[in-house]
Structures are given as C-alpha cells and as structure tokens.
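Heads up, the thing below is written out as structure tokens.
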Amino acid sequence: MENSSLSSVKNVILVLSGKGGVGKSTLSVQLSLGLVHAGKKVGILDTDICGPSIPRMLNLENASVFQCDQGWVPVFATEDEKLCVMSIAFMLNGKDDPVIWRGPKKTAMIKQFITDVHWGDLDYLIIDTPPGTSDEHLSVVQNSKGKVKGAILVTTPQAVAVSDVRRELTFCRKTSIPIIGVVENMCGFVCPHCSECSLVFSQGGGEALAKQEGLDFLARIPLDPDLAKCCEDGKKMINVFPDSKTLNSINQLVDKMLDNPN
C-alpha cells in the first residue's frame, strides 16, 4: 500500500487557500503547537517546495534529515519529540538555495514525503500547502487518499481573497475532500502598544463565506506583530506571549479541532 507510512497517523489535515500570502504556514505552525500543548503528537509536512518556510518558524533552519530502515526520519521540533517536521528545506545545501524544478519533479518529491517518511504514531499530520489547486495539491490528495480527514480553508477578509478561496472550495468538493471549516486570518491589526485591534482590511469575509456555503467558521485571527515576531525568531508564542488575545483565537481553533471526533 503506497501510503503505508500514514497507517499510524490518526488524522491528516490539509491547510489550503487559493491565494498566497494569507498565512497558511503561520496557521499550520500555530495549530500544530496548540495541539502539542493539548497533549497530542503532531507532524507537519511542508509541501511548498519552492518556498518552504516552516523550518524557520520552528527554529529548524540548520536541521537535516537522515534515513532509517523505515524511510526518512522527520526532524523533531520539541525535546519530547511530540512535534516532527518534514520539508525540502532540510535537503538544501543553503537556506537561500532556490528549488528550480518542473512540476513532475515537485510532485515526485511530495509523493516521497508522504510515502517514504517514517511518521510513526501521530494524532495529527498537518499538511501545509502552496497557493493554488494544481500539481502539488493533486499529488497530496492522490498519495494520501483515504487518510485525509479534511481541509481547513484559510482566507483574509477582503473580497479578492475570499473569491480565490471559493476556487479551493470547489477543488475540495471535486476531489471529495471533507471541509472542516474556514479561518479568517489577518482580521484587523493588533497595536503593539495598546493591544487594540484596528480593522485595516475589513472583517467578516471568511465568516460570510462559511455561512453561504454551510461550513463551520473556525476562528478569526488578527494580524499581530507579536505573532509575526515569534515566527521570525522561531519561538513559541505560548512561551513568549502567554496572555495574548491572538493566542486565544488560535486556541479557539485548536479546541474546535479537538472537539471534532476522529
């Protein structure tokens, strides 16, 4: 069975958006850290071959992978080994090296990430995807078929972003991927001085989409300099800013994932 490496993974979750720059990778990392904090064992698969960013967000830029009898061993991001990561970034000679590949080579790499990585026993495997609905996404779906529990759709509040996410919604329906719900990211800007949240873009686009399509609205997460700093520095927000209102929004998403039965 090609996806046998996923046989001990209870839940495979895709993080999707038809548009770039909406914060999929940030959300994937924060969701994973929240699940680990809740006592779960989690893996993150970074399938953005040309723009891998997960390793930096977890302070793993200098890490590398090695092989065991069962396949590639993912990189552990926590001392207790409850969070592991796989990314093309671990296989590059330098962090600034570009990946200049045509589509078939990228899809072959993603297939290897899914079928040849020794993920072990995981409660959740979070798959962070690049923008769009093309080769990389089809490779993920085809090689993890039958194991995907569902997809989280990420959007920013603006109408342009919501329109692109509608295409991702159609992709999920055509490929029979259950949709867990919608997250509205970068909803307002949290002032680093007074903690007030100003609606820089707008608000409600993601929630309106969820309502129109009969989907669960999972969380509204603001644009927060503290969260951005944690991602830049590879630090865990719960350790650095435990009283953050943004962290409360992320925990709301985590709680809804935990409430969703296996």
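Quick note: residue numbers are just sequence positions, from 1.
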Gap separating the [atom1] atom of [X] from the [atom2] atom of [Y], nearest 0.5 angstrom:
| X | Y | atom1 | atom2 | answer |
| --- | --- | --- | --- | --- |
| I126 | L45 | CD1 | CG | 10.5 Å |
| D243 | D226 | CG | CG | 11.0 Å |
| S144 | I114 | OG | CD1 | 4.5 Å |
| T78 | H37 | OG1 | NE2 | 13.0 Å |

* To do: Could you check I179 against L169 for side-chain contact (heavy atoms from CB on, under 4.5 Å), going step by step and ending with a plain yes or no?
  => CA-CA 8 Å; I179 301 168; L169 174 62; 2.8 Å; yes
Do side-chain atoms of [X] reach the backbone of [Y] as a donor and acceptor pair under 3.5 angstrom?
| X | Y | result |
| --- | --- | --- |
| H137 | T129 | no |
| D97 | G94 | yes |
| K235 | K229 | no |
| S139 | D135 | no |

Would you check if [X] and [Y] make a side-chain contact, meaning some heavy-atom pair closer than 4.5 Å?
| X | Y | answer |
| --- | --- | --- |
| V99 | M109 | no |
| M186 | I221 | no |
| L153 | V183 | no |
| V12 | Y124 | no |
| I238 | L247 | yes |
| V117 | V65 | no |
| K236 | C230 | no |
| I88 | M91 | yes |

* Count the heavy atoms belonging to other residues, nucleotides or ligands that lie under 6.0 Å from CD of E79, then report whether that count exceeds 12. => no
* CG/N62: more than 12 non-hydrogen atoms of other groups inside 6.0 Å ->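 No, not enclosed.
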Quick check: closest heavy atoms across [X] and [Y], and the distance to 0.1 Å?
| X | Y | value |
| --- | --- | --- |
| S87 | D46 | OG-OD2, 3.3 Å |
| A77 | V85 | CB-CG2, 4.3 Å |
| T155 | G206 | CG2-CA, 3.7 Å |
| F171 | V141 | CZ-CG2, 4.2 Å |
| A219 | S249 | CB-O, 3.8 Å |

* To do: Group every Ile, Leu, Val, Met, Phe, Trp and Tyr by side-chain heavy-atom contacts under 4.5 Å, then state whether I13 and F217 land in the same group.
  =>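 I13 and F217: separate clusters.
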* Do the side chains of L258 and V9 join up, straight or via other hydrophobic residues, at under 4.5 Å, putting them in one cluster? ->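 Per the 4.5 Å side-chain linkage, L258 and V9 are co-clustered.
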* To do: Check step by step if side-chain contact (heavy atoms from CB on, under 4.5 Å) holds for I152 and L218.
  => CA-CA 9 Å; I152 296 173; L218 301 174; 4.1 Å; yes
Ignoring hydrogens and angles, write down the donor-acceptor pairs under 3.5 Å from the side chains of residues 27-34, residues two or more places apart or on other chains.
unit_1: S28; atom_1: OG; unit_2: K24; atom_2: O; d: 2.9
unit_1: S28; atom_1: OG; unit_2: D128; atom_2: OD1; d: 3.4
unit_1: S32; atom_1: OG; unit_2: S28; atom_2: O; d: 2.7

* Can you tell me which residue pairs pass the salt bridge (charged side-chain N to carboxylate O under 4.0 Å, His left out) test with a partner in residues 49-62, sequence neighbours excluded? =>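 Checked against salt bridge (charged side-chain N to carboxylate O under 4.0 Å, His left out) - neighbours excluded - the pairs reaching residues 49-62 are R56-E232.
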* To do: Name all pairs fulfilling the salt bridge (charged side-chain N to carboxylate O under 4.0 Å, His left out) condition that reach into residues 207-221, sequence neighbours left out, sorted by first residue then second.
  =>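 Passing the test, one end in residues 207-221: R166-E213, R173-E213, E184-R220, E207-R220.
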Only counting residues at least two apart or in another chain, list the ones meeting side chain to side chain donor-acceptor pair (under 3.5 Å) with [X].
| X | value |
| --- | --- |
| T246 | D224 |
| T175 | none |
| S53 | S25 |
| D69 | none |

* To do: Give the other cluster members for F66, using side-chain heavy-atom distances under 4.5 Å between Ile, Leu, Val, Met, Phe, Trp and Tyr residues; answer none if it is isolated.
  =>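 Hydrophobic cluster check, F66: joined to V73.
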* Asked: Quick one: which of I54, L14, I127, T107 gives a side chain to side chain contact (heavy atoms under 4.5 Å, CB included) with T47?
  ->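 Result: among I54, L14, I127, T107, I127 is the only option passing the side chain to side chain contact (heavy atoms under 4.5 Å, CB included) with T47.
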side-chain contact (heavy atoms from CB on, under 4.5 Å) partners for [X], two or more places apart:
| X | answer |
| --- | --- |
| C84 | P74, F76, W119, L122 |
| V36 | V42, K82, L83 |
| K106 | I49, C50, W101, E136 |
| K19 | S17, V22, V160, A161, D164 |

* D116 vs S5, side-chain contact (heavy atoms from CB on, under 4.5 Å): CA-CA, chis, key distance, verdict -> CA-CA 7 Å; D116 295 348; S5 67; over 6 Å; no
* Asked: Taking atom types as modelled, is there a side-chain donor on D121 or S8 under 3.5 Å from an acceptor on the other?
  -> yes
* To do: Give a yes or no on whether a salt bridge exists between K41 and D123, defined as a side-chain N under 4.0 angstrom from a carboxylate O.
  =>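 No, no charged N to carboxylate O under 4.0 Å.
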* To do: Apply side-chain contact (heavy atoms from CB on, under 4.5 Å) to L227 and C231, showing your working.
  => CA-CA 6 Å; L227 175 57; C231 291; 4.2 Å; yes
